K.L.:
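A single structure is presented below for examination.
One is the number of the first residue; the rest follow in order along the sequence. Everything numeric here is computed off the predicted structure, so don't read it as measured data.
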Amino acid sequence: MSPESCPWDTFDPGTVAFCEARLCDWVVEPSNAWSSLGYVLVGVYLLFAHTLHKGDARLYAVLAGQVLTGIGSFAFHGTATFWGEVLDQVGMFMLSCMIISFVFARERKLTSGATAALYAGLTAASTGLLLLIRPIGIPLFALQLLIGLGWELRLWYKSERRSDFKYLLQGLGIFGVSLVIWVTDISGAVCDPDNHFITGHAIWHVLNALCIERLYRYYAFRLGLE
């Protein structure tokens, strides 16, 4: 395929680039794109487990965030377009805003309806900001994670039943490892641009799919379903 006929060149490019070199093809970052399906596979597995356990409907928010993060990530890394990036970030916002909403609801004893409204409002506002300020996606997501997970860790520190947080802490441990790998990839510290098989960012995808699985287990435990 000649450079003049690259499939996605007529679309606005994304604001973020990782180590993997982009190809002139329908899937421009093969490793980063196909590894995104790890989110979907774990989400589908949890969906079946959730249905079998007849769990709380609020857990569907975790499952939706998991699956849509995978679809959005594939769209972004497959096309390298801004609109693919938006889909990717919306899935990420669904997860970070969910963490904030759930911990706030638990602290303030909100009803399920109020929790859902808070969750939808935060996700919609975050998406609106991304459309207005295109490079804000990753910094905003990071800030939301810092708030939500920091709040959870504060509750863990104050709790007399710290074992109740075991799934959350397991997920944070995996996330810490994946974050180091993410930084080495995007910074180019550990980078082979022509490697389209296993990249650092692909490993980040797989590890974070496992992080979200631990988050699901944590919320299921909190709801008395584990």
K.L.:
Hey, are the side chains of N32 and W204 touching, using non-hydrogen atoms and a 4.5 Å cut-off?
P.N.:
no

K.L.:
Any idea how F74 and W34 line up, ring-wise: parallel (<30°), tilted (30 to 60°), or perpendicular (>60°)?
P.N.:
perpendicular

K.L.:
Is R214 close enough and on-axis enough to Y219, meaning under 6.0 Å and within 45°, for cation-pi?
P.N.:
no

K.L.:
State which residue, out of I212, L210, V67, fulfils the side-chain contact (heavy atoms from CB on, under 4.5 Å) condition with Y39.
P.N.:
I212

K.L.:
Measure the spacing between CD1 of I100 and CG of L145 and express it to the nearest 0.5 Å.
P.N.:
8.0 Å

K.L.:
Do any N or O atoms from the side chain of D185 and from the backbone of G188 form a donor-acceptor pair under 3.5 angstrom?
P.N.:
no

K.L.:
Would you call I99 and L149 a side-chain contact if the rule is heavy atoms closer than 4.5 Å?
P.N.:
yes

K.L.:
Is it the case that H77 and S36 place a side-chain donor and acceptor less than 3.5 Å from each other?
P.N.:
no

K.L.:
Before giving the answer on salt bridge (Lys or Arg N to Asp or Glu O under 4.0 Å), spell out for R106 and E152 the whole-Å C-alpha distance, their side-chain angles and the decisive distance to 0.1 Å.
P.N.:
CA-CA 10 Å; R106 193 163 75 244; E152 287 281 9; 2.7 Å; yes

K.L.:
Could you tell me the separation between the CG atom of L153 and the CG atom of L172, rounded to the nearest 0.5 Å?
P.N.:
5.5 Å

K.L.:
Look at the side-chain heavy atoms of Ile, Leu, Val, Met, Phe, Trp and Tyr, link any pair under 4.5 Å apart, and say whether V190 and F18 land in one connected group.
P.N.:
no

K.L.:
Taking C-beta and beyond as the side chain, do C97 and Q144 meet within less than 4.5 Å on heavy atoms?
P.N.:
yes

K.L.:
In Å, rounded to the nearest 0.5 Å, how long is the span from CG of L68 to CZ of F93?
P.N.:
14.0 Å

K.L.:
Is it possible for you to say whether L223 and Y60 belong to one hydrophobic cluster, with membership spreading through side-chain heavy-atom contacts below 4.5 Å?
P.N.:
yes

K.L.:
Under a single-linkage definition using a 4.5 Å side-chain heavy-atom cutoff for Ile, Leu, Val, Met, Phe, Trp and Tyr, are L215 and Y45 assigned to the same hydrophobic cluster?
P.N.:
yes

K.L.:
In Å, rounded to the nearest 0.5 Å, how long is the span from CE of M98 to CG of L118?
P.N.:
12.5 Å

K.L.:
Report the C-alpha separation of D194 and D192 in whole Å, then their side-chain angles, then the decisive distance to 0.1 Å, and conclude whether the side-chain contact (heavy atoms from CB on, under 4.5 Å) test is met.
P.N.:
CA-CA 6 Å; D194 296 322; D192 178 2; 4.0 Å; yes

K.L.:
For the backbone of G70 and the side chain of S73, can you confirm whether one donor and one acceptor N or O come within less than 3.5 Å of each other?
P.N.:
no

K.L.:
Side chains of L59 and L46: closer than 4.5 Å at any heavy-atom pair?
P.N.:
no

K.L.:
Taking the side chain as every heavy atom from C-beta outward, state whether Y167 and Y216 have any atom pair closer than 4.5 Å.
P.N.:
no

K.L.:
For the residue pair Q170 / Y218, report whether a side-chain donor-acceptor contact shorter than 3.5 Å exists.
P.N.:
no

K.L.:
Step by step, would you call T123 with S126 a side-chain contact (heavy atoms from CB on, under 4.5 Å)?
P.N.:
CA-CA 5 Å; T123 304; S126 301; 5.8 Å; no

K.L.:
Can you name the closest pair of heavy atoms from F76 and G84 and give their distance?
P.N.:
CB-O, 3.4 Å

K.L.:
Do V28 and F197 belong to the same hydrophobic cluster, where Ile, Leu, Val, Met, Phe, Trp and Tyr are linked whenever their side-chain heavy atoms lie under 4.5 Å apart, directly or via other members?
P.N.:
no

K.L.:
Please report the closest heavy-atom contact between S101 and T115, naming both atoms and the distance.
P.N.:
O-CG2, 4.1 Å

K.L.:
Can you find a heavy atom in the side chain of F82 that is under 4.5 Å from one in the side chain of P13?
P.N.:
no

K.L.:
Closest approach of L155 and V103, non-hydrogen atoms and distance?
P.N.:
CD1-CG2, 3.5 Å

K.L.:
Check whether any side-chain heavy atom of R222 sits under 4.5 Å from a side-chain heavy atom of F102, and report yes or no.
P.N.:
no

K.L.:
When you measure from the side chain of Y119 to the backbone of A114, do you find a donor-acceptor pair of N or O atoms at a distance under 3.5 Å?
P.N.:
no

K.L.:
Are T15 and E85 close enough that a side-chain donor and a side-chain acceptor fall under 3.5 Å?
P.N.:
yes

K.L.:
Are E107 and R154 close enough for a salt bridge, meaning some N to O gap below 4.0 Å?
P.N.:
yes

K.L.:
Which pair of non-hydrogen atoms, one from C211 and one from I174, has the smallest distance, and what is that distance?
P.N.:
SG-CG2, 3.5 Å

K.L.:
Show the nearest heavy-atom pair for residues M94 and G65, with the distance to one decimal.
P.N.:
CE-N, 4.0 Å

K.L.:
Any chance CH2 of W151 has more than 12 other-residue heavy atoms, nucleotides or ligands included, within less than 6.0 Å?
P.N.:
yes

K.L.:
When you check the side-chain N and O atoms of H196 and E20, is any donor under 3.5 Å from an acceptor?
P.N.:
yes

K.L.:
State whether the side chain of S31 and the backbone N or O of T199 hold a donor-acceptor pair below 3.5 Å, judged by distance alone.
P.N.:
yes

K.L.:
Do you know the tightest heavy-atom contact between Q66 and A209?
P.N.:
NE2-O, 3.2 Å

K.L.:
If I take atom CG from residue L168 and atom CH2 from residue W156, how far apart are they, to the nearest 0.5 angstrom?
P.N.:
10.0 Å

K.L.:
Could you go step by step and tell me if L130 and L140 meet the side-chain contact (heavy atoms from CB on, under 4.5 Å) rule?
P.N.:
CA-CA 9 Å; L130 177 63; L140 180 57; over 6 Å; no

K.L.:
Is any side-chain heavy atom of T81 less than 4.5 Å from a side-chain heavy atom of V86?
P.N.:
no

K.L.:
For residues I181 and V206: do they belong to one hydrophobic cluster (side chain heavy atoms under 4.5 Å, members Ile, Leu, Val, Met, Phe, Trp, Tyr)?
P.N.:
no

K.L.:
If you round to the nearest 0.5 Å, how far is OG of S35 from CG of L207?
P.N.:
10.5 Å

